[in-house]
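Reviewing the structure listed below.
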Amino acid sequence: MEPTITRPGIRRHGPASRHGRSALRLVALAVWLTAAQTAAPAQAAGPPIRVGVLAYRGGDHANAAWEPTVRYLAERFPERGAEMVPLDLLGMDAAVQARGVDFVLTNTGNYVELEARHGVTRIATLHSARAGASGAAIGSAVIVRADRSDIRELGDLRGRTVMAIDPDAFGGFQIAWGAMLEAGVDPYRDLRELRFSGFPVDRVAFAVGEGEVDAGILRACVLEELVAEGRVDAGRFRVLGAGALPGFGCALSTGLYPDWPLARLASTPEELAKAVVVALFQMPGDHPAARAGGYDGWTVPLDYQPVHALFRSLRIGPYRSLREVSLVELAREHWEWLAAGALALLWWAVHSLRVEHLIKVRTAELRAANRDLRHEMAERRRAEETARERQKEMDHVARLSILGEMASNLAHELNQPLGAIANYARGCTRRLETGTVEPAQLAAITRAIAEQAERAGHIIARIRGFVRKRAARPEPMDLNEAVRAAILLCEPRARGDGVAIRPDLADGLPPVLADGVQIEQVVLNLIKNALDALEGGPSGAPPITVRTGLDGEGRVEVAVTDRGHGLTGEARSRLFDPFFTTKPDGMGLGLSICRTIVEAHGGHLWATDNQGEGTVMRFVLPAATGGQRIAGKEQRHAG
């Protein structure tokens, strides 16, 4: 897309400058004529003079307009002759590059391109019958349909569809491009669509007339030529910004530039070029060739600097390299955006520094918090270790306390096998002393002594295992076995109090993952509390029932039921609080420790009222994962 450039004003000459230029032309013409008269006799026979002509309206129009001019040259050079080569813009460039022609007759813009690219040199300029006072005759007419009241000037073309001849067409696009930029419309940015029809230029007028496009760009005077030929209706079109310059009889939307030049190639002999110029300068204004081409003759080359100024402003042709905008130009043209970008960059830099500072501060705070957290976690782990150790100590103390309370009954339990052993030993001694010992009787006595000794050893082993201080070792166990062991330890006191302990143990219970000594301690404490609740009651009290089974969630349940004095509302609400007790000499730690043990095994301990009177203490433990159900009939032990 072409850059948006504001085209400088078209150079015009006042009356004084016109007189000076006319004098210059006369002097130049005299020089050319003198040189040509000297050189003309030197012309020798050779190949035909080839003249490349820009066929901007097609080959037929080019032949009609320029064939008479080329025929005129052929008549002036009978020894060589002359021929016309109709070309479009691309063909013109290719022919000059290949040196396929000797001279080119082309539009002003194309000549400047060829001059810069291939070094062609203008030797004459058309003197148009419609030329302005300065001799310039090339401009652009931007046409719209006459009924388009919404498009009055070039600025109204914004957002419209416009058709032109070709991006390289001088009068058919480039002059109008510069004028549109002056009106604030960039055809490459501000139009809805920019189309190029290519040659011939008639297509543009037809497209506008049929409503295919909103506006079209023609070389000045082309519309008038089409009207004169009867190809279009003059009343159907309107030229935007239509104006007329003195001496120029066509409607214009732009200023005027020099007319078409005749240029020679760098390879064309200078003598031939001089002779051709002299021949053209000598053509009368009313010659048929001039009338066919619509011009009044030929003149010395005009000043083409206005064309260079236009191309420089559009940055096309020889000045295409100017599209590489320098940093200074970019800053001058877009300083508002650059200032906004600089402010945004400054804000971003300040924001980044602030964020980096905040990150450092937050990182330091997080490190400090993390350090404090690690210290706190270490302290918490030490506190938990201390609590566990104290819990073990309390468990141990609780077990010793239970045994202390049951010491007399346990001593009585041990005295029975010891007394039996003593009696059997004395009886055996008397029989030996009297000599009335029979071997069979002696064997029976010794077996009885061994049984009583084993009984006493089992009692001592249970007591030692119960009171021994050790770490908890959870493993799959049969909860019924822990219940039986606790009952055996409590039976001596129960017999002394005249209370029976009745086990009701379910068969086939799944194992639980637990420490056997701790669970035995829980059951023992619950049975002891039940005995305490019956203490001081009438003889023949109802038995204490210890049941096992499964609850509704598949957990193993143990229930200890008594028919004692029950619990008050305050006792029920504070039953498991440490150091709360309803006994005059109690420590208030038993049930608190039992709940801690049960919850550590993933279970739950609670108390409910027994139907009628008394209390039911229950706890549940989850079954061991993947454990095997214990098969077989559970054996009941009574003592």
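It should be emphasised that the depicted structure is a prediction, and the values quoted were computed from it without experimental measurement. Hydrogens, waters and symmetry mates are skipped; everything else that's a heavy atom, side chains included, is used.
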Enter the distance from [X]:[atom1] to [Y]:[atom2] here, rounded to the nearest 0.5 Å.
X      : Y      : atom1 : atom2 : answer
Leu524 : Ile519 : CG    : CD1   : 12.5 Å
Arg563 : Asn610 : CZ    : CG    : 5.0 Å
Arg315 : Arg320 : CZ    : CZ    : 13.0 Å
Asn525 : Leu605 : CG    : CG    : 9.5 Å
Ile165 : Gln174 : CD1   : CD    : 12.0 Å
Leu531 : Asp562 : CG    : CG    : 9.0 Å

Are the side chains of [X] and [Y] in touch, meaning some heavy atoms are under 4.5 Å apart?
X      : Y      : result
Trp347 : Leu343 : no
Cys490 : Ile501 : yes
Val185 : Leu154 : no
Ile544 : Val560 : yes
Leu621 : Val558 : no
Leu191 : Thr161 : no
Ile217 : Val204 : no
Val523 : Phe619 : yes

Partner of Asp214 under salt bridge (charged side-chain N to carboxylate O under 4.0 Å, His left out), picked from Arg160, Arg158, Arg192, is Arg192
Self-check item: Electrostatic pair Glu376:Arg380 at N-O distance under 4.0 angstrom
Solution: yes
Could Arg484 and Glu481 be called an ion pair, given the rule that one side-chain N must be under 4.0 Å from one carboxylate O? yes
task = May I ask you to decide if the ring planes of Phe196 and Tyr188 are parallel, tilted or perpendicular, using 30° and 60° as cut-offs?
result = tilted
Would you name the heavy atoms of [X] and [Y] that are closest together and state the gap between them?
X      : Y      : answer
Met163 : Ala207 : SD-CB, 3.7 Å
Gly209 : Arg145 : O-NH1, 3.6 Å
Met617 : Ala607 : SD-CB, 3.3 Å
Glu520 : Ala486 : O-CB, 3.8 Å

Go through the steps for Leu526 and Leu591 under the test side-chain contact (heavy atoms from CB on, under 4.5 Å), then give the verdict. CA-CA 8 Å; Leu526 297 181; Leu591 289 178; 3.8 Å; yes
Between His601 and Asp515, does a side-chain contact (heavy atoms from CB on, under 4.5 Å) hold up when you go through it step by step? CA-CA 9 Å; His601 286 78; Asp515 181 84; 4.0 Å; yes
task: For atom CH2 of Trp337, decide whether the heavy atoms of other residues, nucleotides or ligands shown that lie under 6.0 angstrom number more than 12.
output: no
Would you indicate whether Arg152, at its atom CZ, is surrounded by more than 12 heavy atoms from other residues, nucleotides or ligands within a distance under 6.0 Å? yes
For a side chain to side chain donor-acceptor pair (under 3.5 Å) check, start with the C-alpha distance between Asn480 and Thr548, then their side-chain angles and the critical distance, and finish with the verdict. CA-CA 7 Å; Asn480 286 341; Thr548 61; 2.9 Å; yes
Original post:
Taking atom types as modelled and ignoring hydrogens, do the side chains of Arg618 and Thr608 form a donor-acceptor contact shorter than 3.5 angstrom?
Top reply: yes
### Flag, side chain of Asp190 to backbone of Asp186, donor-acceptor distance under 3.5 Å
yes
Exercise for the section: Please confirm whether the backbone N or O of Val162 pairs with a side-chain atom of Glu193, one donor and one acceptor, at under 3.5 Å? Expected result: no
Between Phe173 and Leu194, does the side-chain contact (heavy atoms from CB on, under 4.5 Å) criterion hold? Intermediate values first, please. CA-CA 11 Å; Phe173 176 64; Leu194 176 62; 4.1 Å; yes
Requested in this report: Take Leu157 and Val142 through the test side-chain contact (heavy atoms from CB on, under 4.5 Å) and record every step on the way to the result.
Outcome: CA-CA 10 Å; Leu157 294 177; Val142 182; 4.1 Å; yes
